[in-house]
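Take a look at the structure below.
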Amino acid sequence: MDITNIQKCASFYKTEYMEKFYIITTFYGNGFVLVAEKGNFPHLMGINKAVYKSNGYRNPNRLYEDIISGIRVSNKIIPNNIATTSKMYKKALNFMKSTDIFWHNAGPLAVNYNETLSSTKLSNVSLLLVDIKLGYMTGWIENTDILLNAESKLKKYCFCTWIDESSGTQLQKEKYMPSQNIEIIKNVLAFDKDSKLVQQKTYSYTRDQKKEILLSVERNGSNLLLDSINERYYKEIAIEETIHCKINGITY
């Protein structure tokens, strides 16, 4: 792996994140607006801030622009041969599959991440989208509210973290779930830069999939948040299968 792989990731980031935004809704009734900013790309690739700042890039936006434009970047920032043991290698390896969390998620959960409740710390993340089957995770930080009118505002979340635990154990794939409030993804909508809807997906779950989610909630001591309609179905499964999990703050 070398800089050409990072350039491919930058092009993917531009097409799938910079030129699009996403809205997800959950079976708890929440909705989240997800956006990306070019300055976060170096961090998503595991490029150390201190390293690029000491090698001519005070601004991460300019580093992103040089990478995507094919302008030469110091090999002190991106090595000619990126070691397979490095953080950068692991970040870049499957980055172009990161949108599978939206469209091909086998265990689609939204974690309302509270750092104070976790023994495995993840800094500056408010929302974590997780595929508990595959081990992909994208982290989003609550960003500036957008005023719609005098009475209403829109809260947006900015893409800040990419985690790939696809080669890890189930414990590693769920490592940020313990003690957290969990929601189940219902709808994903993608819009282009002109706000035109370009892709959408609605998730539905079999009884077996619901059971797997409940077992994950039980393993991690999480709290599953559901609306009143779906709470009834998940509660029935938890009782029938003797799954000792918490749903809307009540343990079954």
Side-chain angles (χ1 to χ4, degrees), residues 1-24 32-53 55-105 108 124-125 127-131 134-141 143 156-167 188-201:
M1 182 183 290
D2 57 24
I3 192 168
T4 60
N5 299 91
I6 307 301
Q7 289 168 338
K8 289 176 183 177
C9 288
S11 295
F12 178 85
Y13 184 71
K14 181 177 186 291
T15 301
E16 297 299 326
Y17 291 104
M18 293 298 298
E19 295 180 349
K20 292 178 184 176
F21 68 93
Y22 299 85
I23 296 176
I24 66 165
F32 303 93
V33 180
L34 310 177
V35 302
E37 295 177 356
K38 64 176 67 175
N40 285 345
F41 179 75
H43 173 71
L44 292 169
M45 290 293 99
I47 301 174
N48 185 278
K49 182 177 181 179
V51 172
Y52 70 70
K53 290 189 75 172
N55 284 278
Y57 290 95
R58 297 181 63 186
N59 188 327
N61 290 4
R62 190 166 72 85
L63 177 56
Y64 166 77
E65 292 289 358
D66 281 0
I67 291 171
I68 201 168
S69 300
I71 296 173
R72 185 182 181 279
V73 174
S74 170
N75 58 19
K76 293 181 180 178
I77 299 173
I78 302 175
N80 293 330
N81 183 19
I82 301 170
T84 57
T85 55
S86 69
K87 182 178 181 181
M88 193 181 301
Y89 182 93
K90 188 168 185 179
K91 293 286 187 180
L93 182 63
N94 288 317
F95 183 72
M96 288 187 287
K97 297 179 181 178
S98 61
T99 50
D100 285 1
I101 284 180
F102 296 133
W103 312 120
H104 308 291
N105 199 327
N124 300 316
V125 170
L127 175 71
L128 191 68
L129 303 184
V130 181
D131 184 333
L134 191 53
Y136 290 164
M137 299 172 236
T138 54
W140 307 79
I141 182 70
N143 208 319
K156 64 187 177 89
Y157 293 77
C158 187
F159 190 15
C160 61
T161 300
W162 156 243
I163 301 164
D164 177 5
E165 291 291 353
S166 56
S167 62
V188 180
L189 301 97
F191 299 83
D192 67 14
K193 56 188 176 182
D194 297 315
S195 298
K196 179 181 177 181
L197 179 65
V198 292
Q199 193 171 354
Q200 60 183 315
K201 178 163 186 172

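Because only heavy atoms are used, hydrogens play no part in the values below, and waters and symmetry mates are left out as well, while side chains stay in. Bear in mind that the values here come from a model prediction, so they are computed numbers and not experimental data.
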request  = Among residues two or more places apart or on two chains, list those pairs meeting side chain to side chain donor-acceptor pair (under 3.5 Å) that have a residue in residues 68-82.
outcome  = none
remark   = Taking every heavy atom of Ala10 against every heavy atom of Tyr64, the minimum-distance pair comes out as O-OH, 3.9 Å
message = As an exercise, state the distance from CE of Met137 to CG of Leu129, rounded to the nearest 0.5 Å.
response = 11.5 Å
task = Output all residues satisfying salt bridge (Lys or Arg N to Asp or Glu O under 4.0 Å) with Lys156, sequence neighbours left out; order by chain, then residue number.
result = none
request  = Kindly write out the residues that satisfy salt bridge (Lys or Arg N to Asp or Glu O under 4.0 Å) with Lys14, not counting sequence neighbours, or none if the list is empty.
outcome  = Glu19
task = Taking the side chain as every heavy atom from C-beta outward, state whether Val188 and Asn105 have any atom pair closer than 4.5 Å.
result = no
ask   = After noting the C-alpha distance and the side-chain angles of Glu16 and Phe102, does the key distance pass the side-chain contact (heavy atoms from CB on, under 4.5 Å) rule?
value = CA-CA 11 Å; Glu16 297 299 326; Phe102 296 133; over 6 Å; no
request  = Please confirm whether the backbone N or O of Asp2 pairs with a side-chain atom of Asn5, one donor and one acceptor, at under 3.5 Å?
outcome  = yes
query = In Å and rounded to the nearest 0.5 Å, what is the CG to OG distance from Leu134 to Ser167?
reply = 10.0 Å
Which donor-acceptor pairs under 3.5 Å do side chains of residues 36-49 form with protein atoms, sequence neighbours excluded?
unit_1 : atom_1 : unit_2 : atom_2 : d
Glu37  : OE2    : Asn143 : ND2    : 3.4
Lys38  : NZ     : Glu65  : OE2    : 2.4
Asn40  : ND2    : Phe159 : O      : 2.9
His43  : NE2    : Cys160 : O      : 3.4
Asn48  : OD1    : Ala50  : N      : 2.9
Asn48  : OD1    : Val51  : N      : 3.0

List, one per line, each side-chain donor-acceptor pair under 3.5 Å for residues 85-93, sequence neighbours excluded.
unit_1 : atom_1 : unit_2 : atom_2 : d
Ser86  : OG     : Ala83  : O      : 2.7
Ser86  : OG     : Tyr89  : N      : 3.1
Lys91  : NZ     : Trp162 : O      : 2.5

task = With sequence neighbours left out, write down each residue that passes side-chain hydrogen bond (donor to acceptor under 3.5 Å, both in side chains) with Gln200, or none if nothing qualifies.
result = none
task = List the steps, then state whether side-chain contact (heavy atoms from CB on, under 4.5 Å) holds for Ile3 with Val73.
result = CA-CA 8 Å; Ile3 192 168; Val73 174; 4.0 Å; yes
Can you list, pair by pair, the side-chain donor-acceptor contacts under 3.5 Å of residues 94-101, counting residues two or more places apart and other chains?
unit_1 : atom_1 : unit_2 : atom_2 : d
Asn94  : ND2    : Asp164 : OD2    : 2.8
Ser98  : OG     : Tyr17  : OH     : 2.7
Ser98  : OG     : Phe95  : O      : 2.8

remark   = For Thr84, the side-chain hydrogen bond (donor to acceptor under 3.5 Å, both in side chains) test, sequence neighbours excluded, returns none
remark   = Taken in chain and number order and not counting sequence neighbours, the residues that satisfy side-chain hydrogen bond (donor to acceptor under 3.5 Å, both in side chains) with Tyr157 are none
ask   = Taking only residues two or more places apart in sequence or in another chain, which ones pass side-chain hydrogen bond (donor to acceptor under 3.5 Å, both in side chains) with Asp66?
value = Tyr57
task = List the steps, then state whether side-chain contact (heavy atoms from CB on, under 4.5 Å) holds for Ile67 with Ile78.
result = CA-CA 10 Å; Ile67 291 171; Ile78 302 175; 3.9 Å; yes
request  = Locate the shortest heavy-atom distance separating Leu127 from Val125; write the atom from each residue and the value.
outcome  = O-CG1, 3.4 Å
